[in-house]
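Nothing here was measured: the structure is a model prediction, and the numbers come from that model.
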2 protein chains.
Amino acid sequence: MQAFQNYNSAFNALGDPTRRAIFEKLASRPLSVVHIAEGLTVSRPAVSQHLKVLREAKLISMVQQGTRSIYSVNSDGVQAMRDYLDRFWTESLENFKQIAEQTEKLKTKSNAANKKRSNR
Amino acid sequence: MQAFQNYNSAFNALGDPTRRAIFEKLASRPLSVVHIAEGLTVSRPAVSQHLKVLREAKLISMVQQGTRSIYSVNSDGVQAMRDYLDRFWTESLENFKQIAEQTEKLKTKSNAANKKRSNR
DNA sequence: ACTAACGGTAAGTTTAAACTTACCAAAACG
DNA sequence: CGTTTTGGTAAGTTTAAACTTACCGTTAGT
């Protein structure tokens with residue numbers, strides 16, 4: 001709830017197909033930039049830019065090993081997104097009952113209205 | 001895993017701040033378009049367009065009531081995103097140990113290298 | 001029937017995101 | 001040292017997303 005209000009950047013980061021591909025690659029194991037770029041159709045600089053976005057969204061983190069930058073998934077960031085969705089998931093589920101109830105009410109209402117109309 | 005491969009559209013949908021605001025509004029309770037637009041800074045047509053995006057991403061659903069279009073959060077779509085994140089969250093957590101182990105290995109390796117270098 | 005309310009869509013503009021090539025700096029290795 | 005590997009950044013282009021106004025069809029209310 002507290003530290004991560006970066007939901008926008010996080011969701012935005014995973015909204016891009018290329019970044020999603022990178023993210024999923026890193027989920028399987030930590031990789032250097034060249035390794036990440038290997039399977040992808042975009043250039044290596046493009047990958048670097050995507051990595052920056054993902055890192056700023058706290059979804060991945062980086063450790064330097066000599067000339068290599070090793071990227072890996074940041075579980076905390078992912079957790080934050082999960083929590084966010086959890087909140088609205090339960091919230092919407094609670095609403096579900098209310099919707100059902102209201103729909104019932106409205107059905108009887110509109111039935112009444114229909115009856116009224118057909119009475120004209 | 002099966003029915004929802006719309007992860008892109010879903011994450012993309014929540015990536016936009018205005019759509020996030022709409023989504024959160026709807027989480028508190030189902031609303032008509034004018035009600036949704038009420039608090040927001042953008043025009044009503046813009047809201048309609050955002051609603052379309054959210055609906056195509058299966059994050060919200062709509063029922064028609066006379067002239068009103070009542071929108072509400074689609075729990076299934078949210079659930080699908082949760083599942084997606086769950087998968088990569090656990091996956092990255094499993095990696096965490098491996099990273100730690102490998103980091104240990106690399107530390108001893110680089111220690112050996114440093115020793116070698118300082119021996120020159 | 002006439003008018004209000006509601007809301008979806010079309011057309012056009014503006015801004016920003018994704019990508020490219022080119023360049024550069026730092027570490028590694030012979 | 002020279003050179004290769006690695007990867008970040010800058011500058012510029014292109015495409016697409018977000019928004020606006022204008023318009024129209026449908027339902028509701030009087």
Could you tell me the separation between the [atom1] atom of [X] and the [atom2] atom of [N], rounded to a whole number of Å?
X	N	atom1	atom2	value
N12(B)	dA16(C)	CG	C1'	14 Å
Q65(A)	dG7(D)	CD	C1'	14 Å
D16(B)	dA17(D)	CG	P	11 Å
I70(A)	dT6(D)	CD1	C1'	11 Å
R44(A)	dA22(C)	CZ	P	14 Å
E38(A)	dT6(D)	CD	P	10 Å
H50(A)	dA16(C)	NE2	P	18 Å
L40(A)	dG7(D)	CG	C1'	15 Å

Taking the side chain of [X] as its heavy atoms from C-beta onward, which of [options] lies nearest to it?
X	options	result
M62(B)	dT5(D), dA28(D), dG8(C)	dG8(C)
V42(B)	dT9(C), dT20(C), dT20(D)	dT20(D)
T67(A)	dC19(D), dT20(C), dT6(D)	dT6(D)

Pairing residues for R82(B) by the salt bridge (Lys or Arg N to Asp or Glu O under 4.0 Å) criterion, not counting sequence neighbours:
D86(A)
Not counting sequence neighbours, which residues clear salt bridge (Lys or Arg N to Asp or Glu O under 4.0 Å) with E24(B)? List them please.
R20(B)
Look at the side-chain N and O atoms of [X] and state whether any lies under 4.0 Å from the OP1 or OP2 oxygen of [N].
X	N	answer
S43(B)	dT21(D)	no
S48(A)	dG8(D)	yes
S69(B)	dG8(C)	yes
Y71(A)	dT6(D)	no
R19(A)	dA18(C)	yes
T18(A)	dC19(C)	yes

Can you name the closest pair of heavy atoms from [X] and [Y] and give their distance?
X	Y	value
S75(A)	L93(B)	OG-CD2, 3.5 Å
L59(A)	A13(A)	CD1-CB, 3.9 Å
R87(A)	T90(A)	O-OG1, 2.8 Å
Q64(A)	T67(A)	NE2-O, 3.9 Å

Do other residues, nucleotides or ligands put more than 12 heavy atoms under 6.0 Å from the CZ atom of R68(B)?
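Atom CZ in R68(B) is not packed in, count stays at 12 or less.
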Scan nucleotides 10-15 of chain C against the protein and return all N/O pairs shorter than 3.5 Å with their distances rounded to 0.1 Å.
none

Can you work out whether V53(B) or R68(A) has the more 5'-proximal nearest nucleotide on DNA chain D?
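The residue mapped nearer the 5' terminus is R68(A).
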The residue, L51(A) or G15(B), whose nearest nucleotide of DNA chain D is more 5′ is L51(A)
Pairs where residues 67-94 of chain B contributes a residue and the test ring pair (Phe, Tyr, Trp, His ring centres under 6.0 Å) is met, not counting sequence neighbours
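For residues 67-94 of chain B: F23(A)-F88(B), Y7(B)-Y84(B), F11(B)-Y84(B), Y84(B)-F88(B).
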Angle, rounded to 10°, between the helical axes spanning five pairs at each terminus of the helix from dA5(C)-dT26(D) to dG30(C)-dC1(D)?
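Nearest ten degrees gives 30° for this helix.
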For dA4(C), does the O4'-C1'-N9-C4 or O4'-C1'-N1-C2 angle fall within 90° of 0, making it syn, or is it anti?
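Syn for dA4(C); the angle stays within 90° of 0.
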Backbone N/O of K58(B) and side chain of N74(B): donor-acceptor pair under 3.5 Å
yes
May I have the list of side-chain donor-acceptor pairs in residues 32-51 of chain A shorter than 3.5 Å, sequence neighbours left out?
{"from": "S32(A)", "atom 1": "OG", "to": "H35(A)", "atom 2": "ND1", "distance (Å)": "2.9"}
{"from": "S43(A)", "atom 1": "OG", "to": "A46(A)", "atom 2": "N", "distance (Å)": "3.4"}
{"from": "H50(A)", "atom 1": "ND1", "to": "R19(A)", "atom 2": "NH1", "distance (Å)": "3.2"}

